[in-house]
Amino acid sequence: RRIDLERRSLLGAGAVVAVAAVAWAAIEGVMRLARLPGRERRFTGSHERGSFNPRAMPVTQWLDDSVQLIDRGAWSLLLITPGGERRIGHEELDRGDTVTAVLDCTGGWYSEQEWAGIRLDRLLGVEGRSFVVRSATGYRRRFPLSDAASMLLATRLGGEPLSAGHGAPARIVAPGRRGFWWVKWVTEIEVDDRSWWVQSPMPWT
């Protein structure tokens with residue numbers, strides 16, 4: 001009968017969930033008892049790597065990007081707002097704002113670090129709906145302007161100037177967002193009235 005088939009399907013699905021839960025708990029237990037590297041993971045499944053030790057934090061970039069070697073002295077940030085454009089030198093961005101945040105990479109690792117630079121709400125200081133951050137590689141991500149107060153344009157990591165591998169001269173720190181939002185080698189930020197979500201959920205390049 002139809003009701004019997006539905007009951008069997010429900011019981012079967014419940015059994016699968018129960019077996020999966022038991023297997024997950026068993027694997028987690030074995031990893032903790034054996035003190036295996038993956039015993040401490042975030043809710044995303046990522047493993048800890050190099051927290052509060054920038055030199056031990058992995059250097060990764062998105063898909064076809066490569067590490068950019070940019071001269072800090074010659075570099076400047078182009079800031080575009082409804083009121084016009086201006087160039088901002090590297091020394092103007094080192095304002096002493098700090099945030100301790102977790103970079104959770106889609107590559108399967110996370111690292112908690114102390115970042116320093118300037119809060120984006122202080123840097124932008126204008127009204128709008130969103131802002132787009134562009135990298136020297138052409139990579140870009142758009143954010144809601146309401147997030148600016150919690151975000152940082154970082155020039156330092158762990159008290160030292162950013163290395164090229166970690167995004168020097170400046171990179172985005174976006175607490176609560178996965179690593180592909182943390183744009184490296186930032187060259188341009190533009191504020192406008194577009195909706196921040198009108199973009200691919202994950203960048204293709």
Side-chain angles (χ1 to χ4, degrees), residues 13 16-67 97-121 130-133 135 137 139-168 170-186 196-197 199-205:
V16 169
V17 170
V19 169
V22 170
W24 177 84
I27 292 171
E28 288 292 309
V30 168
M31 293 181 71
R32 290 182 183 279
L33 287 173
R35 301 187 64 80
L36 296 176
R39 68 186 181 278
E40 295 180 358
R41 291 179 291 179
R42 297 194 82 213
F43 62 92
T44 58
S46 297
H47 303 265
E48 190 276 330
R49 295 283 301 277
S51 289
F52 300 107
N53 181 6
R55 294 185 180 182
M57 186 172 73
V59 171
T60 59
Q61 48 277 333
W62 190 252
L63 297 180
D64 55 353
D65 276 356
S66 59
V67 173
D97 294 336
T98 62
V99 64
T100 299
V102 173
L103 171 55
D104 193 332
C105 181
T106 50
W109 58 269
Y110 78 89
S111 190
E112 187 172 8
Q113 304 287 348
E114 183 178 273
W115 309 84
I118 183 171
R119 261 183 17 208
L120 281 177
D121 60 334
S130 69
F131 60 96
V132 60
V133 182
S135 168
T137 66
Y139 185 87
R140 53 184 282 169
R141 285 274 86 190
R142 183 178 289 275
F143 301 84
L145 195 61
S146 58
D147 282 4
S150 65
M151 295 173 61
L152 199 73
L153 183 62
T155 57
R156 292 179 173 272
L157 169 58
E160 300 293 332
L162 283 174
S163 66
H166 290 314
R171 75 171 297 164
I172 290 294
V173 172
R177 292 182 181 270
R178 297 300 296 273
F180 64 86
W181 291 91
W182 294 45
V183 183
K184 293 182 176 182
W185 312 296
V186 175
W196 76 271
W197 46 263
Q199 63 182 331
S200 170
M202 291 186 71
W204 297 108
T205 183

- Message: Less than 4.5 Å apart, side chain to side chain, heavy atoms only: is that true for Trp196 and Phe143?
- Response: no
- Query: Does Arg119 reach the main-chain N or O of Asp97 with its side chain, forming a donor-acceptor pair under 3.5 Å?
  - Reply: no
- Item | CZ on Arg42 to CD on Glu112, rounded to 0.5 Å | 8.5 Å
- Message: Test of understanding: with side-chain hydrogen bond (donor to acceptor under 3.5 Å, both in side chains), list the residues that count as partners of Asn53, not counting sequence neighbours.
- Response: none
- Task: Search all heavy atoms of Val173 against all heavy atoms of Ala154 and return the closest pair with its distance.
- Result: CG2-CB, 3.7 Å
- Contact check, side chains of Ser46 and Arg178, non-hydrogen atoms, under 4.5 Å: yes
- Message: With ring-ring contact (aromatic ring centres under 6.0 Å, His included) as the criterion, how do Tyr139 and Trp185 come out once you've worked through the C-alpha distance, each side chain's angles and the decisive distance to 0.1 Å?
- Response: CA-CA 9 Å; Tyr139 185 87; Trp185 312 296; 9.1 Å; no
- Sequence-distant partners of Phe180, ring-ring contact (aromatic ring centres under 6.0 Å, His included), two or more places apart: Trp62
- Distance in Å, His166 NE2 paired with Gln61 CD, rounded so as to fall on 0.5 Å steps: 10.5 Å
- Any side-chain heavy-atom pair from Tyr110 and Thr44 closer than 4.5 angstrom? no
- Message: Could you report the tightest heavy-atom contact between Ala56 and Gly50, atom names first, then the distance?
- Response: CB-CA, 3.8 Å
- Task: Please tell me if the side chains of Val133 and Trp181 come closer than 4.5 Å, counting only heavy atoms from C-beta onward.
- Result: no
- Query: CE of Met57 to SG of Cys105: how many Å apart, nearest 0.5 Å?
  - Reply: 10.0 Å
- Message: Checking Thr137 now: which residues fulfil side-chain hydrogen bond (donor to acceptor under 3.5 Å, both in side chains) with it, not counting sequence neighbours?
- Response: Asp65, Ser135
- Work out which heavy atom in Lys184 is nearest to a heavy atom in Gly165; give both atom names and the distance. NZ-O, 2.7 Å
- Atom pair CD/CG of Glu48 and Asp104 - distance to nearest 0.5 Å: 11.5 Å
- Mind checking what makes ring-ring contact (aromatic ring centres under 6.0 Å, His included) contact with Trp109, not counting sequence neighbours? none
- Is the closest side-chain heavy-atom distance between Trp115 and Thr98 below 4.5 Å? no
- Item | Residue pairs, two or more places apart or on separate chains, that pass side-chain hydrogen bond (donor to acceptor under 3.5 Å, both in side chains) and touch residues 141-155 | Ser130-Arg142, Arg141-Gln199, Arg142-Asp192, Asp147-Arg177
- Message: Return the CG to CD1 distance between Leu152 and Ile172, rounded to the nearest 0.5 Å.
- Response: 8.0 Å
- Contacts of Gln113 meeting side-chain hydrogen bond (donor to acceptor under 3.5 Å, both in side chains) (sequence neighbours excluded), chain-then-number -> Ser111
- Query: So do the side chains of Val183 and Arg140 get within less than 4.5 Å of each other, counting heavy atoms only?
  - Reply: no
- Message: Which heavy atom of Pro175 sits nearest to which heavy atom of Val99, and what is that distance?
- Response: CG-CG2, 4.3 Å
- Message: Nearest 0.5 Å, please: how far is CD in Glu114 from CG in Leu157?
- Response: 9.5 Å
